[in-house]
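Let me begin by presenting the structure, written as structure tokens, before commenting on it.
Side-chain atoms are counted along with the backbone in the values below, which use heavy atoms only and exclude waters and symmetry mates. First the proteins, then the strands, lettered A, B, ... as listed; each starts at 1.
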Protein chains: 2
Amino acid sequence: MNYTYRHARPAVTADCVVFGLDEEDLKVLLVQRGQEPFQGHWALPGGFAVVGEALEDTARRELAEETGLKDVFLEQLYTFSDPQRDPREHVVTVAYYALVNLSDHPVQAATDARSAAWFCIDDIPKLAFDHDRILQTAYERLRGKITYQPIGFELLPEKFPLRMLQGVYEKILDRPLDKRNFRKKILSMEILEELDEIETDVGHRAARLYRFNKRVYDDKVKQGFIFEL
Amino acid sequence: MNYTYRHARPAVTADCVVFGLDEEDLKVLLVQRGQEPFQGHWALPGGFAVVGEALEDTARRELAEETGLKDVFLEQLYTFSDPQRDPREHVVTVAYYALVNLSDHPVQAATDARSAAWFCIDDIPKLAFDHDRILQTAYERLRGKITYQPIGFELLPEKFPLRMLQGVYEKILDRPLDKRNFRKKILSMEILEELDEIETDVGHRAARLYRFNKRVYDDKVKQGFIFEL
DNA sequence: CCTCCTTAGTGTTTATTTGACACTAATATA
DNA sequence: TATATTAGTGTCAAATAAACACTAAGGAGG
């Protein structure tokens, strides 16, 4: 089936920069391309827009198809429209970034014969298209965003100790933070619920677990509260 | 001439939210639509993507064609892709926002038979498509952005008194600022050149003029300096 | 030329926020 | 029971932000 239009149209795609966090590092999810161009190269998961589907849905759908990830935190990043960014033709891509926690979302074999894998943020191979640039833009945005919005929770399991949350900030900002000051600050926002549970299976004193309270957070956002770290 | 593709493609447009400032108010530049849909309604200037042209260039070109404005400060805002946002078909629009100074850029008769006019930000008519929503998004972005990046200069003539700059901030943030604290803060950034000139044609003591020094500013940005007001 | 009106320009004090810093408590393991 | 590891907690100093009011300059109008 072919589609004909009176004027030439650029193709439209949606791509995702998916950030994940394990005990060690901040990671990015990449897929290996099965076709030309850039066959065999690693690339951001993504795919072509479908008429009648919002691009955020396209991004989510492609992400699920190529990597198995669902229900992730997803925000629009930027739209890249350089006519040369795809060697075949003019392709406009709307890039999104996603945050997932690796414990809930293990690396999954790709469902459509491409392989998917997590790469450490500072050990990324040369990517297909202009995906290096997209990734860099996403990383900068993430660093900028986390300092004034508590999005770090999206990278953690539902219940987590404060040490882990501090680790998120340290890994994204790439600098150490003072434990006491960090706790003071994050607790003063009053968006964490202190649970009556502690960690298990740790080889030392177990820490108390906390949970992000999205209801309270949304209320505070509405009242104009600023969450600067 | 027709163009045929193997898969259906959404149309792509670029739209601009152009902010201007006069002595009184923050204003937005709108054009009156000459065709259906929404014939006669006011809308954001913009138009269809051209294959081979980056969307920012599309935005600039359309802005020049429809309103005569050139060489404006332009940044990407957000991409809107709701399939229902245009009644004809699925149209993805990449929205930009622009800042211009009304003194250098007087309202110009549209070159392609549509009329263009400045509207006060809090007296905007119902707009075509989802342009209300785009405008609202742009206004929020502008307010957010100006508190941590000195973009206010883009709305002013090259040489301006500090009072005028304070006016920019007050009009965008929609609250009064303390004169002494504002001056202290903005001068401490050291991105303003104090000129040996003063205002003319004012019915009172003339104020010293300043000029934004972009070179110095860019240097400081590179060194990670933060420009928070 | 004198008065009045309008805006320019300038510092200090106080309150708040940030940043630096070190020890005791709890639990697991050897 | 000794050791190792991380949890958890408060104070003080420095920097920043916020509140606040008067004198100076110049134009307009009598």
Open item on the list: Without decimals, in angstroms, what is the distance between B:Ile198 CD1 and D:dA24 P?
Closed with: 18 Å
Open item on the list: In this structure, how many angstroms lie between the P atom of D:dA7 and the CD atom of A:Gln166, rounded?
Closed with: 9 Å
Task: Whether B:Phe38 and B:His41 hold their rings parallel, tilted or perpendicular, with breakpoints at 30° and 60° - done: perpendicular
Open item on the list: If you assign A:His204 and A:Lys179 each to the DNA chain C nucleotide with the nearest heavy atom, which residue ends up on the more 5' nucleotide?
Closed with: A:Lys179
Task: Short side-chain N/O contact from B:Lys184 to OP1 or OP2 of C:dG11, under 4.0 Å - done: no
Open item on the list: I want to confirm an ordering. Mapping A:Asn181 and A:Gly203 to their closest nucleotides on DNA chain C, which one lands closer to the 5' end?
Closed with: A:Asn181
Task: Separation of C:dA8 C1' from B:Leu165 CG (nearest whole Å) - done: 15 Å
TODO: Would you mind reading off the distance between B:Leu177 atom CG and D:dA17 atom P, rounded to a whole angstrom?
DONE: 14 Å
Open item on the list: Can you confirm whether B:Phe160 sits close enough to B:Asn101 that some side-chain heavy atom of one is under 4.5 Å from a side-chain heavy atom of the other?
Closed with: no
Open item on the list: If I take atom CZ in residue A:Arg183 and atom C1' in nucleotide C:dT18, what distance separates them, rounded to the nearest angstrom?
Closed with: 19 Å
Open item on the list: Tell me the interatomic distance from B:Ile226, atom CD1, to C:dT18, atom P, rounded to whole angstroms.
Closed with: 14 Å
Open item on the list: Looking at A:Tyr210, I'd like to know if the NZ or CZ of A:Arg208 sits under 6.0 Å from its six-membered ring centre while staying within 45 degrees of the ring's axis.
Closed with: no
Open item on the list: Below the 4.0 Å mark, does D:dT6 have OP1 or OP2 next to a side-chain nitrogen or oxygen of A:Arg163?
Closed with: no
Task: A:Phe129 and A:Phe80: CA distance, side-chain angles, deciding distance, ring-ring contact (aromatic ring centres under 6.0 Å, His included) verdict - done: CA-CA 11 Å; A:Phe129 306 106; A:Phe80 297 83; over 10 Å; no
TODO: Specify the separation, in whole Å, of atom CG of A:Leu187 and atom C1' of D:dG8.
DONE: 11 Å
- [ ] In whole angstrom, give the distance that lies between atom OH of B:Tyr148 and atom C1' of D:dA17.
- [x] 21 Å
- [ ] Could you pick out which residue, B:Asp178 or A:Pro161, lies toward the 5' side of DNA chain D when each is mapped onto its nearest nucleotide?
- [x] A:Pro161
Open item on the list: Any N or O donor-acceptor pair under 3.5 Å from the base of D:dA18 to the side chain of B:Arg180?
Closed with: no
Task: Among A:Val216, A:Leu165, A:Asn213, the one residue meeting side chain to side chain contact (heavy atoms under 4.5 Å, CB included) with A:Leu192 - done: A:Leu165
TODO: For the helix from C:dC1-D:dG30 to C:dA30-D:dT1, figure out the bend between the end axes, five pairs an end, and round to 10 degrees.
DONE: 10°
Task: Non-hydrogen side-chain atoms of A:Ile146 and A:Leu229 separated by less than 4.5 Å - done: no
- [ ] Examine the base of D:dA25 for any acceptor or donor lying under 3.5 Å from a partner atom in the side chain of B:Arg205, and report the outcome as yes or no.
- [x] no
Open item on the list: Does this structure show an ion pair linking B:Glu75 with B:Lys145, if we count only N-O contacts that are shorter than 4.0 Å?
Closed with: yes
